[in-house]
A.B. asks: 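Mind looking over this structure? Questions follow.
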Amino acid sequence: MRVLGIESSCDETGVAIYCTERGLLCNLLKSQTATHAPYGGVVPELASRDHIRFALPMIQEALTLTQLEPQDLDGLAYTKGPGLIGGLLVGASVVRSLSYAWGKPAIGVHHMEAHLLAVFLENNPPPLPFVALLVSGGHTLLVAVEALGVYRILGQSVDDAAGEAFDKTAKLLGLPQPGGPQIAALAKHGNPKRFHFPRPMLHSPSLNFSFSGLKTHAREVIAAHPLTPENTADIAIAFEMAVVETIAHKCLKALQETGFRTLVMAGGVSANIRLRETLSRLGEKQGLGIFYPALKLCTDNGAMIAVTGALRMPCEKQDPFSLAPKPRWSLESLSPIIA
Ligand code: KG4
Ligand code: ZN
């Protein structure tokens with residue numbers, strides 16, 4: 001089965017073709033970083049316009065690269081939500097129109113489920129059940145995954161998402177967006193002993209997170225220190241270590257509470273090397289399986305939408321004339337994926 005997937009929920013346009021027999025056939029990504037850079041954050045209207053400009057040429061390019069005709073596809077998938085309404089509407093309209101014109105089925109998928117399922121594009125997929133840590137620009141979730149499509153939220157951020165905290169702190173440090181990779185790059189040269197940031201909600205019995213206090217702490221430290229390259233790097237590493245240690249602690253707690261032995265990380269922040277290495281080290285020590293997607297499949301991409309479409313298409317009926325984007329959409333409301 002070959003499925004073309006398109007991601008358009010935020011500021012990346014992704015188009016990929018996934019084949020259930022041969023794996024990922026192509027994975028194209030067009031970032032809008034330059035479009036939004038002058039504004040210091042994603043401007044939803046500009047994001048939608050870029051998705052409109054990029055989507056069809058990228059779909060054409062994907063077909064050319066794979067030497068496939070539309071008739072060789074078995075279906076199309078798009079991000080139905082959660083995300084920015086304009087971008088979601090673009091993806092839904094493009095895919096539903098092509099689906100009608102080509103006579104192929106189409107399916108709208110959940111963006112966070114797609115992040116979670118990106119790990120199934122790897123050669124060594126995780127065994128079920130597992131705990132999923134979903135950390136992106138809009139979400140921080142710990143999820144018990146008993147079976148594919150059966151999700152129970154164990155904990156989530158009560159304020160800023162982890163990626164949002166990275167982005168806001170980067171802004172305070174005068175760094176460009178998205179801030180996560182910028183902070184991670186600077187942190188490599190920082191002195192880990194110079195500043196100490198709080199570890200929010202570390203000792204609370206819940207599995208929830210809170211990151212807004214870290215941003216406030218960063219603001220206070222920055223106000224007291226001129227932003228020299230040395231100070232910036234030292235603040236970056238202190239902030240990164242606080243986020244990583246807090247997340248790692250909650251992940252271990254979630255594994256203990258569920259009794260599961262496997263953790264899957266996904267979403268943009270799971271591209272953070274310190275987070276991957278910290279969790280892998282802890283996993284090795286405690287005999288736990290730690291799984292994450294390849295770096296380029298952690299941040300938004302079309303491949304995760306295509307693979308989710310391929311898994312869900314055989315077991316889900318769709319209304320071919322309904323766009324129905326869902327800017328807000330709970331993971332827990334999804335139906336099981338029946339193989
Ligand atoms: O999943 P994603 O691409 O988009 C959303 O669905 O939100 O995640 C984007 C987020 C941004 O906040 C970005 O700063 C963060 O992921 N991010 C990182 C890293 N790479 C991306 N955060 C920390 N370290 C990284 N290496
Ligand atoms: Zn995402």
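Atoms considered below: every heavy atom in the structure, side chains included; atoms not considered: hydrogens, waters and symmetry mates. Atoms within a ligand are numbered from 1 in the order they appear, just like the ligands themselves.
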A.B. asks: Identify the closest protein heavy atom to atom 22 (N) of ligand 1: which residue and atom is it, and at what distance?
C.D. replies: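 It is Gly180 CA, 3.3 Å.
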A.B. asks: At under 4.0 Å between heavy atoms, which part of His139 makes contact with ligand 1: side chain, backbone, both or neither?
C.D. replies: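 The answer is neither.
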A.B. asks: Please list the nearest protein heavy atom to atom 24 (N) of ligand 1 with its residue and the distance rounded to 0.1 Å.
C.D. replies: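 In this structure, atom 24 (N) of ligand 1 has Asn272 ND2, 3.0 Å as its nearest protein heavy atom.
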A.B. asks: Which class fits the ring pair Phe120 and Phe130: parallel under 30°, tilted 30 to 60°, perpendicular over 60°?
C.D. replies: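 If you compare the ring of Phe120 with that of Phe130, the planes turn out tilted.
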A.B. asks: Would you call Pro178 and His36 a side-chain contact if the rule is heavy atoms closer than 4.5 Å?
C.D. replies: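 Pro178 does not reach His36 side chain to side chain.
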A.B. asks: Check whether any N or O atom of Gly163, backbone or side chain, sits under 3.5 Å from an N or O atom of ligand 1, and answer yes or no.
C.D. replies: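 Gly163 vs ligand 1: N/O contact under 3.5 Å present.
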A.B. asks: What count do you get for protein N/O/S atoms less than 2.8 Å from the Zn ion (ligand 2)?
C.D. replies: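 Number of qualifying protein atoms: 3.
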A.B. asks: Between Tyr151 and Ser330, do the side chains contain an N or O donor and an N or O acceptor separated by less than 3.5 Å?
C.D. replies: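 No donor-acceptor contact under 3.5 Å links the two side chains.
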A.B. asks: What pair of heavy atoms forms the shortest contact from Ser9 to Leu88, and how long is it?
C.D. replies: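 The answer is CB-CD2, 3.7 Å.
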A.B. asks: Would you call Glu164 and Lys215 a salt bridge, taking side-chain N to carboxylate O under 4.0 Å as the test?
C.D. replies: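 No salt bridge links Glu164 with Lys215.
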A.B. asks: Who's the nearest protein heavy-atom neighbour of atom 17 (N) of ligand 1, and how far?
C.D. replies: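 Sorting protein heavy atoms by distance from atom 17 (N) of ligand 1 puts Gly268 O, 3.5 Å first.
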A.B. asks: Where the side chain of Thr140 meets the backbone of Ala162, is there a donor-acceptor pair that is under 3.5 Å apart?
C.D. replies: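 Yes; judged by distance alone, with no hydrogens or angles, the pair exists.
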A.B. asks: By number and element, which atoms of ligand 1 are closer than 4.0 Å to a non-hydrogen atom of Gly138?
C.D. replies: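 It comes down to these atoms of ligand 1: 7 (O).
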A.B. asks: State plainly whether the residues Lys30 and Glu12 are in salt-bridge range, i.e. N to O under 4.0 Å.
C.D. replies: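 Looking at Glu12 together with Lys30, the answer is no, because their closest N to O distance does not fall below 4.0 Å.
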A.B. asks: Within less than 4.0 angstrom of ligand 1, does Glu240 place any heavy atom?
C.D. replies: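 Contact check Glu240 vs ligand 1: negative.
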A.B. asks: How are the rings of Phe211 and Phe209 set to each other: parallel, tilted or perpendicular (split at 30° and 60°)?
C.D. replies: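 The rings of Phe211 and Phe209 lie parallel, inter-plane angle below 30°.
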A.B. asks: So, 4.0 Å and heavy atoms of His115: is ligand 1 close enough to count as a contact?
C.D. replies: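 Checking ligand 1 against His115, which is what was asked, there is a heavy-atom contact under 4.0 Å.
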A.B. asks: Among all protein heavy atoms, pick the one closest to atom 9 (C) of ligand 1 and tell me residue, atom and distance.
C.D. replies: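 Answer for atom 9 (C) of ligand 1: Gly137 N, 3.7 Å.
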A.B. asks: Does the side chain of Thr246 come within less than 4.5 Å of Pro200's, by heavy atoms?
C.D. replies: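 Answer yes - side chains close enough.
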A.B. asks: Which residue supplies the protein heavy atom nearest to atom 2 (P) of ligand 1, what is that atom called, and how far is it?
C.D. replies: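 Going by distance alone, atom 2 (P) of ligand 1 is nearest to Asp300 OD1, 3.3 Å.
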A.B. asks: List the closest protein heavy-atom neighbour of atom 11 (C) of ligand 1: residue, atom name, distance to the nearest 0.1 Å.
C.D. replies: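 Result for atom 11 (C) of ligand 1: Asp167 OD2, 3.6 Å.
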A.B. asks: Report the nearest protein non-hydrogen atom to atom 6 (O) of ligand 1: residue, atom name, distance rounded to 0.1 Å.
C.D. replies: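 Here the nearest protein heavy atom works out to His111 NE2, 3.1 Å.
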A.B. asks: Can you tell if the side chain of Lys80 reaches within under 4.5 Å of the side chain of Val109, non-hydrogen atoms only?
C.D. replies: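 No; the side chains remain at least 4.5 Å from each other.
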A.B. asks: Purely on distance, is any nitrogen or oxygen of Pro178 under 3.5 Å from one on ligand 1?
C.D. replies: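 Looking only at distances, the answer is no, because the N/O contact criterion of under 3.5 Å is not met.
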A.B. asks: Determine the interplanar angle of the Phe197 and Phe239 rings, folded into 0 to 90°, and report it as parallel if under 30°, tilted if 30 to 60°, perpendicular if over 60°.
C.D. replies: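 The rings of Phe197 and Phe239 stand perpendicular, inter-plane angle above 60°.
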A.B. asks: Test your reading of the model: is there a side-chain donor-acceptor pair from Arg194 to the backbone of Ile235, 3.5 Å cut-off?
C.D. replies: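 Not at all, since once roles are kept as given, no pair shorter than 3.5 Å links the two residues.
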A.B. asks: May I ask whether Ala271 has any heavy atom positioned less than 4.0 angstrom from an atom of ligand 1?
C.D. replies: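 Right, Ala271 reaches ligand 1.
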A.B. asks: Taking only heavy atoms of Thr299, which atoms of ligand 1 are found under 4.0 Å from at least one of them?
C.D. replies: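 Reading through ligand 1 atom by atom, the close ones are 3 (O), 21 (C).
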A.B. asks: Among all residues two or more places apart in sequence or in another chain, which pass the salt bridge (charged side-chain N to carboxylate O under 4.0 Å, His left out) test with Glu240?
C.D. replies: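 If we apply the salt bridge (charged side-chain N to carboxylate O under 4.0 Å, His left out) test to Glu240, skipping adjacent residues, the hits are Arg274.
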